[in-house]
Amino acid sequence: MDLHDFLRRIPKVELHVHLEGSVKASTFVELARKHGVKLPPHDKPEDLYDYPDIYRFLQIYDLVARAVRDRDDFRRITYETLQEAAEHNVRYREMFWSPKVHMDLGVPYDTAIDGIRDGIRDAERDYGIRCKMIAGINRMEPPEKGFEMVKTVIENPRDELIGIGMDYAEADNPPEKFWKAYRLAAQHGLHLTAHASEDAPPRNVETCLDLLGCERIDHGYHVIEDEALTRRCAEEGVVFTVCPISTAWVYFGNNLANHPIKEMARRGLKIMVNCDDPPMFKTNPTKEYIVMAEYMGFSPADFREFVLNGIDGSWLDDPTKRRWRREWAWEIDKLMAQLEKEAG
Ligand code: ADE
Ligand code: ZN
C-alpha cells in the first residue's frame, strides 16, 4: 500500500459537495440532448468544464441545472455521484443542491427532491453510502427569494433534507442579506451552514456564526486575516469544510502550495476535506487528500484528524458520531500501521 492507496482507503465524510456540480460531463451532454438544452461549442464533453473564474463557473453550473428536469434525471445524477463517492470510501455525505434554480425553470420542488431521494435510496442499497441534503440559497438573488425557498423546504418536509446553506458568488453578497431566511430555518429545526470568507473578508465568518447561527463554515479561507477571530474559531472548535482544488482553481491562481488551507490548519482551525464540484473541477474525493499531501505537506496523522473533524462537523446524531469516531479511528490506525510497515 502506498500513500495514494492509503488516502483512497481511509473512510470519509463529506460535508461540502454540490449536486449540480457533481454531474459527469457525459451525463450533462446526454441530459442536455434529452431536453433540448443548447450547449456552448465543444469537442469532448469535458471541454464544457473549463472556466477562468467563479462567475463563469456558475454560468456553466446553471446550464447543468437547466439540463436536469424530470424525476429520473435527479435520481440519476444523485446515484452517479454517490456511486463515485462510495468508490473513494465516502460513507456519509451531506450534499448541497440549489432548489430555486430548478423551480425557476418550471421544475416542481417535489419532482426534484423525490428524484434525489430515489437516488439516495438506490445508492445506499447498492453501495451502503448514506446521504442527506442541504438546500442552498443563491446569495446573488434578492433575500426574498432565499426566504421563499426556505418556506418551500419547510412546507414540503423530507427526512433527507436536513439543513440550509448559502452559495454562489460571495463578493457584494454578504450573509446578513439572508438573516430572515436563516431565522425561519432555525425556527423549524433545520441545520445551518453557509459559504463564508471564500472570497470575502473574515467578517463574513463572524456574521455567519453570530447573526445567522451557522453550525459550521464552508470554505472560510480569509478568516486567518483576523487574528482574534481565528483564535476564537480554534478555541470553539468551529469546523471549516475546505475544498482545495476548486478554490485553488478559481481564486488562488491554481497554486495549491500557497492555498490558505495550510495556514488554517497550522493555526489550529478544525478543517475537514471535500471536493465541492468534483467533475466540474476534474477532481474526486481522494484527489483532494492527495494534493493536500503533495502540495501542503499534510501527513497520514493529519488526515486521520481531518476525517474525525468531518464526523464532528456533521449533523449525524451524537451516538452515531461517538461510535464512528471510535470505529474509524481504529480502522485508520490499522491502515497507518500497514502503510508504515510497507513503506519500510
Ligand atoms: N456553487 C458550487 N460550488 C460553489 C462554490 N465553491 N462557491 C460558491 N458557489 C458554489
Ligand atoms: Zn461550495
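When a ligand or atom number is given, it counts from 1 through the structure's own listing order. A quick note: this is a predicted structure, and the numbers were derived from the prediction, not measured. Index from 1, following the sequence.
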Identify the heavy atoms of K282 and K287 that sit nearest to each other, and give their distance. O-NZ, 2.6 Å

Charged N to carboxylate O below 4.0 Å: is that the case for D159 and K132? no

In terms of residue, atom name and distance, what is the protein heavy atom nearest to atom 4 (C) of ligand 1? H18 NE2, 3.6 Å

Take atom OH in Y295; do more than 12 heavy atoms of anything else shown fall under 6.0 Å from it? no

Is any side-chain heavy atom of Y61 closer than 4.5 Å to a side-chain heavy atom of H18? yes

Aromatic centroids of Y49 and F57 separated by under 6.0 Å: no

Do D70 and K34 sit within salt-bridge range, that is, some charged N less than 4.0 Å from a carboxylate O? yes

Among the heavy atoms of H219, does any lie under 4.0 Å from an atom of ligand 1? yes

For the Zn ion (ligand 2) the protein N, O or S atom count under 2.8 Å stands at 4

Between the candidates Y61, F57, Y168, which shows the shortest non-hydrogen contact distance to atom 8 (C) of ligand 1? Y168

What is the closest protein heavy atom to atom 7 (N) of ligand 1, and at what distance does it sit? E198 OE2, 2.7 Å

With a heavy-atom distance limit of 4.0 Å, tell me whether E170 approaches ligand 1 through its side chain, its backbone, both, or neither. neither

Nearest protein heavy atom with distance in Å, relative to atom 3 (N) of ligand 1: D277 OD2, 2.8 Å

Positive for side-chain contact (heavy atoms from CB on, under 4.5 Å) with T27, one of D73, T81, I77, V68: I77

R203 with E176: basic N within carboxylate O range, under 4.0 Å: yes

Can we call the ring centroids of H16 and F96 under 6.0 Å apart? yes

Quick one: which ligand 1 atoms are inside 4.0 Å of a heavy atom on D276? 3 (N), 5 (C), 6 (N)

